[in-house]
Amino acid sequence: MPLTRSQAREPLSELPVEYVNKRPRTHVSKTPVESERIAEGECKENSLPSQNILQSICSPRTPKSAICHTEWISSPFWKEGKIDENPWSRFSEELTLKIFSYLKIEDLCRCSLVCSYWRRLSYDKSLWKKINLRNRNIPIDQLVARLRFGTRYLSLACVQVRDATMTNRFSGENLAITHVDFGLSTISTHLMTRLLEISPNLRKVNLEAMNLSPALLRALSGCRNLEILNLAMCNGVSADPLVAITKNCLNLVELNLAWCKISTKTFSRLFPKRCESMKKLNVSGGRETVTSDVIRTMTTNLPFLDTIDISDCFKLDRDVLTALQENCPCLMELSCSRVYPLSSEDMLMWAGNMPHLLFINAYPSFVTERFTQFEQWLSRLFPQIRLNAAEKSDIARPCTSLRIPKGSSQLWEVYLRP
């Protein structure tokens with residue numbers, strides 16, 4: 001039964017319960033005159049429901065829709081008899097961007113479809129500064145669209161990029177990427193080369209276990225600000241482009257060449273110029289190519305080298321310790337696991353001549369009985385030196401910590417959310 005005009009003007013408490021749900025939800029009163037009085041503060045008895053009316057509405061017999069209606073009209077979004085159409089407009093853009101910064105990439109893309117206001121905020125450069133696409137399967141169109149928002153930290157580890165041959169999509173201005181991780185990803189060499197060519201500000205690059213080309217290495221040699229480069233277990237490492245990297249990138253701090261198929265002649269040509277910034281070098285895995293003469297030649301122009309890994313280099317002998325003593329007086333850490341020609345006596349005599357030495361990683365390099373004696377003598381003579389403190393080398397590797405939340409990623413000193 002519809003309400004009469006006289007019943008519509010009665011207070012809410014005097015109406016039957018079945019009529020409560022039929023009252024209009026967009027205005028407190030129906031007539032324009034009463035709405036103007038509410039705005040001017042002249043009609044106080046009909047402006048908002050009183051406490052008695054709220055108690056009567058919230059009775060056990062009252063429908064839930066009526067309670068929701070009462071809570072809505074008494075909420076702070078009710079202003080002068082009108083409902084605010086966009087409650088998010090009350091938040092500042094800085095606060096909204098802070099909320100958006102905790103969202104995942106998928107949720108942020110969904111927010112951009114809500115309205116034009118959210119679309120503009122979701123494309124803010126501060127939200128796309130760090131992108132973690134680890135273990136994803138993405139088309140190249142999405143990759144190009146995301147990198148154009150000023151991305152600086154990019155993780156493409158274990159990523160499979162579809163339509164990766166369409167390198168012409170990356171055209172125009174250069175990218176702002178400084179940290180990038182391509183480790184173990186399924187991506188074409190042409191696409192990686194193009195990304196490196198248009199990223200002149202690159203500082204840290206991880207290409208572990210990737211197939212390289214001379215063009216890609218030449219693109220890296222043009223990055224004058226390059227500090228960290230990881231080429232561990234890479235295939236296709238050419239001699240001339242690699243020498244150009246060590247010659248042109250004078251700010252290089254860490255270089256990892258572990259288990260790369262590099263010849264002895266190429267190793268001897270590395271670092272033709274004095275590089276005072278180089279601190280950490282990994283040439284492990286050069287079983288037949290890394291010799292004591294190679295280490296002496298390479299370290300001649302590395303006076304401030306403090307960490308070196310020469311594990312699994314079977315052609316080394318005691319002369320390598322003499323070369324490190326002469327060329328690297330600031331050495332603090334030596335990894336020489338499975339370098340069997342080195343004896344425990346040679347290691348003890350060498351450790352006594354290295355004043356800054358703090359770590360020796362020598363997993364079974366000697367016979368078990370001799371290794372136990374070496375450990376005892378090392379702790380007695382040089383208590384400041386720790387033996388086998390690190391299980392694996394972290395030189396130039398982007399992830400150096402095992403305590404990372406699930407789904408997250410690490411790019412050296414930067415942590416990326418899922």
Side-chain angles (χ1 to χ4, degrees), residues 100-109 112 122-167 169-212 216-217 219-220 222-232 234 249 254 256 396-401 404-405 407-418:
F100 282 2
S101 65
Y102 293 100
L103 300 179
K104 296 182 179 180
I105 294 180
E106 294 83 354
D107 298 332
L108 189 60
C109 293
S112 65
S122 62
Y123 287 165
D124 190 83
K125 291 185 177 181
S126 61
L127 300 176
W128 299 93
K129 185 178 179 180
K130 305 175 184 178
I131 296 183
N132 181 13
L133 299 176
R134 187 182 182 89
N135 296 321
R136 301 293 182 87
N137 185 357
I138 59 174
I140 190 173
D141 293 335
Q142 294 185 8
L143 179 62
V144 174
R146 292 170 180 176
L147 296 183
R148 288 176 177 173
F149 295 140
T151 302
R152 295 183 58 188
Y153 308 96
L154 176 63
S155 176
L156 295 175
C158 307
V159 168
Q160 182 178 359
V161 181
R162 300 194 301 271
D163 300 328
T165 57
M166 304 169 63
T167 56
R169 299 295 182 91
F170 289 96
S171 59
E173 59 182 8
N174 294 331
L175 301 179
I177 300 176
T178 59
H179 298 54
V180 62
D181 182 6
F182 291 108
L184 300 172
S185 61
T186 305
I187 181 174
S188 68
T189 307
H190 298 288
L191 180 57
M192 287 192 297
T193 304
R194 182 57 181 163
L195 283 174
L196 297 177
E197 288 176 349
I198 62 177
S199 303
N201 299 322
L202 278 174
R203 293 172 47 210
K204 302 179 181 181
V205 180
N206 178 35
L207 295 168
E208 185 169 353
M210 298 296 295
N211 295 321
L212 308 182
L216 188 148
L217 294 176
L220 282 174
C223 301
R224 304 291 179 172
N225 299 324
L226 191 63
E227 298 176 0
I228 296 178
L229 178 60
N230 184 14
L231 300 178
C234 286
C249 303
E254 299 182 23
N256 192 338
R397 296 184 183 273
C399 183
T400 58
S401 176
I404 301 177
S408 301
S409 181
Q410 180 184 358
L411 278 181
W412 293 277
E413 74 280 1
V414 181
Y415 287 88
L416 307 181
R417 296 183 295 103

Parallel, tilted or perpendicular for Phe149 and Trp128, by the 30°/60° rule?
tilted
CA sep, side-chain torsions, deciding dist, call: Val159, Leu143, side-chain contact (heavy atoms from CB on, under 4.5 Å):
CA-CA 11 Å; Val159 168; Leu143 179 62; over 6 Å; no
Which heavy atom of Leu175 sits nearest to which heavy atom of Asn201, and what is that distance?
O-ND2, 4.5 Å
Do the side chain of Thr189 and the main chain of Leu212 share a donor and acceptor less than 3.5 angstrom apart?
no
Separation of Asn135 CG from Ser185 OG (nearest 0.5 Å)
11.0 Å
Find the distance between OH (Tyr153) and CG (Leu411) and round it off to the nearest 0.5 Å.
9.5 Å
Check Leu154, Leu195, Asn206 against Phe182 for a side-chain contact (heavy atoms from CB on, under 4.5 Å) and give me the one that passes.
Leu195
Nearest-0.5 Å distance that lies between atom CG in Asn132 and atom OH in Tyr415
13.0 Å
Mind listing the closest non-hydrogen atom pair of Cys223 and Ala219 along with its distance?
SG-O, 3.6 Å
Can you tell me how far apart SG (Cys158) and CG (Leu133) are? Round to the nearest 0.5 Å.
12.0 Å
Of all heavy-atom pairs between Asn211 and Met192, which one has the smallest distance, and what is that distance?
O-CE, 4.0 Å
Quick test of your reading of the model: are Lys204 and Glu254 salt-bridged, counting only N-O distances below 4.0 Å?
no
Leu196 backbone acceptor or donor facing Ser199 side chain under 3.5 Å:
no
Report the C-alpha distance between Arg203 and His179 in whole Å, list the side-chain angles of each, state the deciding distance to 0.1 Å, and finish with yes or no for side-chain contact (heavy atoms from CB on, under 4.5 Å).
CA-CA 6 Å; Arg203 293 172 47 210; His179 298 54; 3.7 Å; yes
Least distance between heavy atoms, Ala396 atom then Leu229 atom:
CB-O, 3.6 Å
Between Ala157 and Arg134, the two heavy atoms sitting closest are CB-NH1, 3.2 Å
For the atom pair CD (Gln410) and CG (Leu416), what is the distance rounded to the nearest 0.5 Å?
9.0 Å
Indicate the atoms forming the closest heavy-atom contact of Ile187 with Met210, along with that distance.
CG2-CE, 3.8 Å
Using the side-chain contact (heavy atoms from CB on, under 4.5 Å) definition, which of the options Asp181, Asn230, Leu231 pairs with Leu207?
Leu231
Spacing of CD1 belonging to Ile138 relative to CG belonging to Leu156, to within rounding of 0.5 Å:
6.5 Å
Who pairs with Glu197 by side-chain hydrogen bond (donor to acceptor under 3.5 Å, both in side chains), at least two apart in sequence or on another chain?
none
